[in-house]
Student: 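Next up is a structure, given as C-alpha cells.
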Amino acid sequence: KNEVEQSPQNLTAQEGEFITINCSYSVGISALHWLQQHPGGGIVSLFMLSSGKKKHGRLIATINIQEKHSSLHITASHPRDSAVYICAVILNLWTLNYGGSQGNLIFGKGTKLSVKP
Amino acid sequence: NAGVTQTPKFQVLKTGQSMTLQCAQDMNHNSMYWYRQDPGMGLRLIYYSASEGTTDKGEVPNGYNVSRLNKREFSLRLESAAPSQTSVYFCASRGVINSNQPQHFGDGTRLSIL
C-alpha cells in the first residue's frame, strides 16, 4: 500500500534552478508535514500545513486538500539544498478510527535532491 | 536547546546480542516514536507511546520492545539482534499525538548487525 507517494524519487538540478517536489496522498488527513534530511544527518521539520501556502526564505509549500496533493518549491536552488525531502501526512480522526495506520503519521519514501554548482 | 537526544549514534552488534537504544526529549512532549529507515523504504514506525505509561505497536514491531520510562524517555530494546535489523533508527516526539503539531526527530542511530 502506498498511501503517500512522492515524485520524483531523484532530482538533479543546476544551481539557481527552480525546483518542485510533489506529494500525493490517498487518505484523509488533518495536516501535511515537509521534512528535510541531510546526508548522514538527522531530520528537521520544514513546514506543517493544512491549507493554502507557506513560505520560509526560498522554500514554499502548497497544499490542495481537495486534490490530495502538496508541492514543495525551492527558488534559486543552491548546493546546500542537496538533501532528501520527505512528505508526511497526519491522519485525521476519521481515518484513524476506520482502519488508518497506527501512530497517526504516514511518510513518503522521500525525494533525493542534488544541486550541482 | 537539546530537543530529542538519541544514544548511541553508531553501534555494531553480532547476531544474537542485545542492546537498548536510548531516547530523551526535553520539550515536555506527550507522544514519542521509534522509526527505522531503510533504503527505498522510507520511515517505518516500530512502536509509539501516545503518553506516559502507554505504548503501542506500529507497522514493524517484531523483534523489538519499548519502555516509556517517564515522560522524557522512551527506549527501544533489541533482545536478540538479527541482520535484518541493520538500519538507521530515529526517535521522535510530538506534543500531542492527535494534533497538527510538527514532529521533532533525533539525529539517528546507525546500527549494524553482523
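All chains are named by letter (A, B, ...) in the order of the sequence lines, taking the proteins before the strands, and each is independently numbered beginning at 1.
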Student: Are more than 12 heavy atoms, taken from residues, nucleotides or ligands other than A/K112, located less than 6.0 Å from that residue's NZ atom?
Tutor: no
Student: For a 4.5 angstrom cut-off between non-hydrogen side-chain atoms, does A/I43 reach B/L43?
Tutor: yes
Student: Should A/I60 and A/W34 be regarded as members of a common hydrophobic cluster, given that ILVMFWY residues are connected when their side-chain heavy atoms come within less than 4.5 Å of each other, either directly or indirectly?
Tutor: no
Student: Can you tell which part of B/R44 gets under 4.5 Å to a heavy atom of chain A, answering side chain, backbone, both or neither?
Tutor: neither
Student: Would a hydrophobic clustering, with Ile, Leu, Val, Met, Phe, Trp and Tyr connected at side-chain separations under 4.5 Å, put A/L35 with B/Y48?
Tutor: yes
Student: Check the surroundings of atom CD in A/Q9: do more than 12 heavy atoms from other residues, nucleotides or ligands lie under 6.0 Å from it?
Tutor: no
Student: Below 4.5 Å from any heavy atom of chain B, which atoms of A/L32 appear? Answer side chain, backbone, both or neither.
Tutor: neither
Student: Got a second to check how far A/F107's CZ is from B/Q103's CD, nearest 0.5 Å?
Tutor: 5.0 Å
Student: Rounded to the nearest 0.5 Å, what separation is found between the CZ atom of B/R94 and the OG atom of A/S45?
Tutor: 10.5 Å
Student: Heavy atoms, side chains only, cut-off 4.5 Å: are B/P102 and A/H33 in contact?
Tutor: yes
Student: Report yes or no: do B/L111 and B/F105 belong to one cluster of Ile/Leu/Val/Met/Phe/Trp/Tyr joined by side chain heavy-atom distances under 4.5 Å?
Tutor: no
Student: Indicate, with yes or no, if A/V4 and A/I21 share a hydrophobic cluster defined by side-chain heavy-atom contacts under 4.5 Å among Ile, Leu, Val, Met, Phe, Trp and Tyr.
Tutor: yes
Student: Does any non-hydrogen side-chain atom of A/I86 lie less than 4.5 Å from one of B/Q37?
Tutor: yes
Student: Would you say B/V88 and B/I46 are hydrophobically clustered, going by side-chain heavy atoms of ILVMFWY under 4.5 Å?
Tutor: no
Student: Less than 4.5 Å to any heavy atom of chain B: does that hold for the side chain of A/Q37, its backbone, both, or neither?
Tutor: side chain
Student: Check whether B/Q6 gets within reach of chain A through its side chain, its backbone, both or neither, counting any heavy atom under 4.5 Å.
Tutor: neither
